[in-house]
2 protein chains.
Amino acid sequence: MAGMKEVARHAGVSVSTVSNVINGRHQKMAVETLNRVNEAIRKLKFTPNSAARQLKTGQIKTLGLIVPSVANPFWGQVSHLIETAAQKRGYQVLICNAERDPVVEARYVESLFGSSIRGVILGSSPESFDYLKEYADKGMKIAAIDRDNEGTNGVIACSVSINQLVGSRLATRHLIGLGHKRIAFISGPIGTNSRVGRLAGMNSELEKAGITPDESLVWGGRNVSTFGDFRAAEIGRTAIRELLTLDNPPTAVLTVNDMYAIGACAGARELGYSVPEDISVIGFDDIMMAEVMQPPLTTIRQPVAQMSEIIVSKLIETLESTDEVIEPHVEVSAELIVRASTRQL
Amino acid sequence: MAGMKEVARHAGVSVSTVSNVINGRHQKMAVETLNRVNEAIRKLKFTPNSAARQLKTGQIKTLGLIVPSVANPFWGQVSHLIETAAQKRGYQVLICNAERDPVVEARYVESLFGSSIRGVILGSSPESFDYLKEYADKGMKIAAIDRDNEGTNGVIACSVSINQLVGSRLATRHLIGLGHKRIAFISGPIGTNSRVGRLAGMNSELEKAGITPDESLVWGGRNVSTFGDFRAAEIGRTAIRELLTLDNPPTAVLTVNDMYAIGACAGARELGYSVPEDISVIGFDDIMMAEVMQPPLTTIRQPVAQMSEIIVSKLIETLESTDEVIEPHVEVSAELIVRASTRQL
DNA sequence: ATAAAAAGGTGAAACGTTACACAAATCCCT
DNA sequence: AGGGATTTGTGTAACGTTTCACCTTTTTAT
């Protein structure tokens, strides 16, 4: 409530000087003056008014983070990690849940832009980011986690992800090595870059092993688009039901994330199948739950802590430096974590 | 980037008029003028600059939400629900992870206050809120979810929660009805209002059934205080290990939240016990995972959607109306959800 | 001794809104 | 016709910072 004016009066200097102190521009300042100002700041419990500062400078140290849903543990964890990483660098994070809906995402970006925020991290990975081009053109820097920056028409300023193909190849190879030939793929709508990539990775590995991919084994979330990620496990459950009642059911299933895998396990059990005796299940992400569930879930781990650090530092770099960011996309390694939900056929 | 000035010029009116339109003060305004202004707003894609508005009015439509950790699915879900509820009322939500650390919480509140935010929802429920009194005095309205407002020294403006005692009594009665007599209690540090209440509820129900509570059966998170909620399941796992290796181990366990229950199930299995055959486990919260895990978890459901709605509307009411809020604390009902992790002894 | 440069500070306009007191035009009543 | 009400709108001073040109005093070089 005390402003710079009072501080200035207390310290016997001008507001400009106070401003200089606050912003660390004291290279050319008598140390005695500096002390007096700091003293006054302390005594008056002065806190800079961020609205005024923002209005004046047109920018603030806040990043937007748009995720499908923080109610999904994977994104919950990522959100937390990103917040921590940003905070280390003096930035705050505004978390938004967009349910993978481009319209909602655009609305959020609009609102963030209106709040002078110029950096946003996207957790969804649509195939095209055209609906955000308008903001990119206006100066919004958009970062993507979980996809690369190819084919994004310049909308994505920087990105980090595992190599989706490699990830699902790892999973598929594991399953094939276990003797599985009929491998299903469970996903919500396959309309995102990462899902398309993971499916492609599975198919290519299948073919490499001389197995012809069976279209009827890929479950692509028909009629579930409204679920968002809010009831993610539900999708896995529905999917496995349909898959298991097929004439020629799969013996193993690869899901596009761990929540689906957890749902799939539950669904399989409800049908009287047991995991991994009757069907092997392999997830994707390696959320914390994966290790403690029953059976512990075999999965592909994404190094989320590392990814969060990288995307935050890249984005801030983009925001703060004028010259082009080198290496706009960085790829991190996925890792196969073998636990008990998969086994030899 | 177009400001009200341009809009005014385009519509041939003054900025005051534009301001009136934006703020819905068009009761006394020629409809034709109104249309002209709206048209100009649309054409210029004008978005009010929230920094300027905030600077001027000294307030913004943003709520702070401080949770232990959004990486914990329970709080992830609550965050999402609160965000949705706030949005319906035109408010944004700033989510902060404080790991139940009063120092971190106070720092967040300070920072929120510095951003002119005057309403904050606390997810933690310490026994005392004295460390926030300073901000309450300065005018910050603090709401609590998961505890009542008694003994908070006027710091808490409004609150919502289940009746903690009733919740754990429900659970305990269920266990006793199943024939259990040695019932353990698993919790992180029992230093929060809700945990104290839940333990008290269990003990009172035990006594009512003529069972003397056994101190050695309450596991209160010694040496795990640094965990925060980040690896919540780990706590349950550690706890059950110690409990099960006691000379006279429990036959049932009540955990203070579902994540601990999940960890406890995992830990029990690792020791060769199976749930519910060898030990019954009952959780608290009813997170989504509870239903799909194996075995499906018996638990006490908190009506989180309802709680979120209530706390948001109460807080906004507190913020917007001048007179005292009626019924500052509202209590919602906990519900016993019987699934498969508990059974007859 | 003098000019130039460096050091240490200052003044005031702007950023984009809001809100209040006031102005002009029109209407209504007696 | 006169005068108050009513309707519809406007001018402008803040809000609390930042920034940049500029001012004064001291130091240094010649």
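Order of the sequence lines fixes the chain letters, A, B, ..., with proteins taken first and strands second; residue numbering starts at 1 for each chain. All of these numbers come straight from a predicted model, not from anything done at the bench.
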Sugar-phosphate only, base, or nothing, as touched by B:Met4 at under 4.0 Å among non-hydrogen atoms: base
Return the value, rounded to whole Å, for the distance between atom CE of A:Met29 and atom P of D:dT24. 20 Å
hbond_proxy B:Lys56 side chain to C:dA19 base (donor-acceptor, 3.5 Å cutoff): no
For A:Glu105 and A:Ser124, does a side-chain donor sit closer than 3.5 Å to a side-chain acceptor? yes
Below 4.0 Å: OP1/OP2 of D:dC15 and any side-chain N or O of A:Asn49: no
If we fit an axis to the first five pairs and another to the last five of the helix from C:dA1-D:dT30 to C:dT30-D:dA1, what angle do they make, to the nearest 10°? 40°
What is the distance, to the nearest angstrom, from the CZ atom on B:Arg9 to the C1' atom on C:dG16? 15 Å
Of C:dG16, C:dG9, D:dT17, the nucleotide closest to the side chain of B:Leu55 is C:dG16
For A:Ser50, report the nucleic acid contact type (base, sugar-phosphate, nothing); a contact means any heavy atom under 4.0 Å. nothing
Would you find a donor on one side and an acceptor on the other, under 3.5 Å apart, between the side chain of B:Ser19 and the backbone of B:Val15? no
Which part of the nucleic acid does B:Ser116 contact within heavy-atom distance under 4.0 Å: base, sugar-phosphate only, or nothing? nothing
With the side chain defined as heavy atoms from C-beta on, A:Thr33 is closest, among D:dT19, C:dC15, C:dG9, to C:dG9
What protein N or O atoms touch nucleotides 26-28 of chain D N or O atoms at under 3.5 angstrom, if any, and at what distances?
none

When every non-hydrogen atom of B:His329 is compared with those of B:Arg147, the smallest separation belongs to CE1-O, 3.6 Å
Across the strands shown, which category fits A:Ser19 at heavy-atom distances under 4.0 angstrom: base, sugar-phosphate, nothing? base
Tell me what A:Ser16 touches on the nucleic acid: a base, only sugar-phosphate, or nothing, going by heavy atoms under 4.0 Å. base
